[in-house]
Amino acid sequence: MASTKAPDSSRRSDRSRRAIHDAALALVTEVGYRRTTIEGIAARAGVGKQTIYRWWPSKAAVLMDAFLDLAGRGAEECGAGPAGAGESGGTTPGIPDTGDLVADLKLVLRATVDELNDPALEAPTRALTAEGIVDAKLGAAFVHKLLDPQLALYVTRLRAAQEAGDVRADVDPRIALELLIGPLMHRWLLRTLPLTHAYADEVVDYAVGGLAPRP
């Protein structure tokens with residue numbers, strides 16, 4: 001009698017998780033976070049809502065994992081982008097170090113502008129950012145899983161710049177990186193003005209000018 005191969009449960013679980021991730025991201029983009037529900041995600045993914053609750057406690061948790069998965073896939077497709085992928089599964093090669101701090105930072109901030117303006121990423125990023133403000137546990141997870149690994153890359157590059165004499169030795173890299181990231185996030189979150197490559201370049205010029213050794 002020919003042997004019957006047992007179904008691969010891990011593969012089935014992976015397919016279900018990916019379908020749930022894709023459904024969550026699609027719904028948040030289409031109808032917004034508030035109107036996205038576990039029932040809607042389950043229907044879009046073709047699974048029972050009990051399957052979702054077995055793996056995640058809330059729709060916010062589903063969206064968090066979906067966003068990390070999306071970031072990981074994006075990093076794999078482009079050979080891991082300059083900002084890396086945190087704990088999402090992609091590699092994090094770090095910020096380029098060509099010896100030209102301004103050029104390296106402009107490259108990374110331009111990539112950040114492109115990510116923030118990407119329709120596939122904008123809605124879930126805004127949803128997680130907004131929900132993290134009112135949900136302290138989710139906010140902490142968002143920082144720990146997504147932001148901290150990326151910010152650490154800036155710290156590493158700025159410390160290298162200090163060693164090369166391009167940044168003052170008394171500068172705190174963790175504060176310095178906020179001079180770069182903060183203005184982009186402010187403009188993006190509040191939609192005060194368009195978020196462009198030209199703006200990112202100016203932010204770098206202003207910030208590095210303040211970080212450079214004084215005569």
Side-chain angles (χ1 to χ4, degrees), residues 9-78 81 83-90 109-151 181-196 199-200:
S9 59
S10 63
R11 262 192 190 179
R12 187 167 61 248
S13 291
D14 287 342
R15 284 195 299 269
S16 295
R17 284 179 182 271
R18 179 59 58 82
I20 292 166
H21 287 165
D22 290 345
L25 293 169
L27 284 172
V28 166
T29 300
E30 293 169 14
V31 304
Y33 180 78
R34 294 297 176 190
R35 294 177 61 189
T36 296
T37 63
I38 291 293
E39 290 78 9
I41 295 171
R44 173 71 69 95
V47 302
K49 67 178 183 179
Q50 67 275 10
T51 298
I52 296 178
Y53 282 121
R54 186 165 66 244
W55 291 328
W56 297 281
S58 65
K59 70 175 181 181
V62 176
L63 185 59
M64 170 71 75
D65 274 1
F67 189 82
L68 291 172
D69 179 60
L70 178 65
R73 279 186 269 169
E76 289 173 4
E77 289 170 3
C78 67
E87 296 182 5
S88 58
L109 260 65
R110 283 183 171 214
T112 301
V113 166
D114 291 340
E115 290 177 2
L116 291 173
N117 288 330
D118 183 345
L121 293 171
E122 183 175 13
T125 304
R126 286 188 182 279
L128 283 170
T129 302
E131 196 64 18
I133 293 173
V134 296
D135 183 337
K137 185 175 181 180
L138 177 66
F142 186 69
V143 170
H144 172 68
K145 293 183 178 181
L146 185 68
L147 294 184
D148 279 347
Q150 295 181 3
L151 297 181
I181 300 299
L184 267 64
M185 294 304 297
H186 177 274
R187 180 170 286 204
W188 177 75
L189 281 171
L190 300 182
R191 296 185 175 98
T192 53
L193 289 168
L195 186 62
T196 64
Y199 176 66

Item to check | Contacts of Asp148 that satisfy side chain to side chain donor-acceptor pair (under 3.5 Å) - sequence neighbours left out | outcome: none
How far does [atom1] of [X] sit from [atom2] of [Y], to the nearest 0.5 angstrom?
X	Y	atom1	atom2	value
Ile41	Thr37	CD1	OG1	7.0 Å
Ile133	Asp135	CD1	CG	11.5 Å
Ile20	Arg17	CD1	CZ	7.5 Å
Met185	Leu190	CE	CG	10.0 Å
Asp69	Leu25	CG	CG	8.0 Å
Leu193	Arg187	CG	CZ	4.5 Å

Less than 4.5 Å apart, any side-chain heavy atom of [X] and any of [Y]?
X	Y	answer
Val113	Thr196	no
Phe67	Leu146	yes
Leu116	Glu122	no
Phe142	Lys137	no
Arg18	Asp14	no
Pro124	Tyr33	no
Trp188	Thr125	yes
Trp56	Ile38	no

Item to check | Any donor-acceptor N/O pair, Lys145 side chain to Leu68 backbone, under 3.5 Å | outcome: no
Checklist entry - Sub-3.5 Å donor-acceptor pair from the side chain of Thr51 to the main-chain atoms of Val47, do we have one? => result no
Heavy atoms only: give me the nearest [X]-[Y] pair and the separation to one decimal.
X	Y	answer
Tyr199	Leu195	CD2-CD1, 3.9 Å
Ala24	Leu63	O-CD1, 4.4 Å
Leu189	Thr129	CD2-CG2, 3.9 Å
Gly48	Ala42	C-CB, 4.1 Å

Checklist entry - Under the salt bridge (charged side-chain N to carboxylate O under 4.0 Å, His left out) criterion, do Arg44 and Glu30 qualify, and how do the steps go? => result CA-CA 12 Å; Arg44 173 71 69 95; Glu30 293 169 14; 2.7 Å; yes
Next on the checklist: Between Asp65 and His21, is the side chain to side chain contact (heavy atoms under 4.5 Å, CB included) condition met? List the steps.
Outcome noted: CA-CA 7 Å; Asp65 274 1; His21 287 165; 3.7 Å; yes
Checklist entry - Is there a salt bridge (charged side-chain N to carboxylate O under 4.0 Å, His left out) between Arg34 and Glu131 once you walk through the steps? => result CA-CA 10 Å; Arg34 294 297 176 190; Glu131 196 64 18; 3.5 Å; yes
Item to check | By salt bridge (Lys or Arg N to Asp or Glu O under 4.0 Å) - contacts of Arg191 (at least two apart) | outcome: none
Checklist entry - Passes side chain to side chain contact (heavy atoms under 4.5 Å, CB included), Met64 versus Leu138? Steps please. => result CA-CA 8 Å; Met64 170 71 75; Leu138 177 66; 3.7 Å; yes
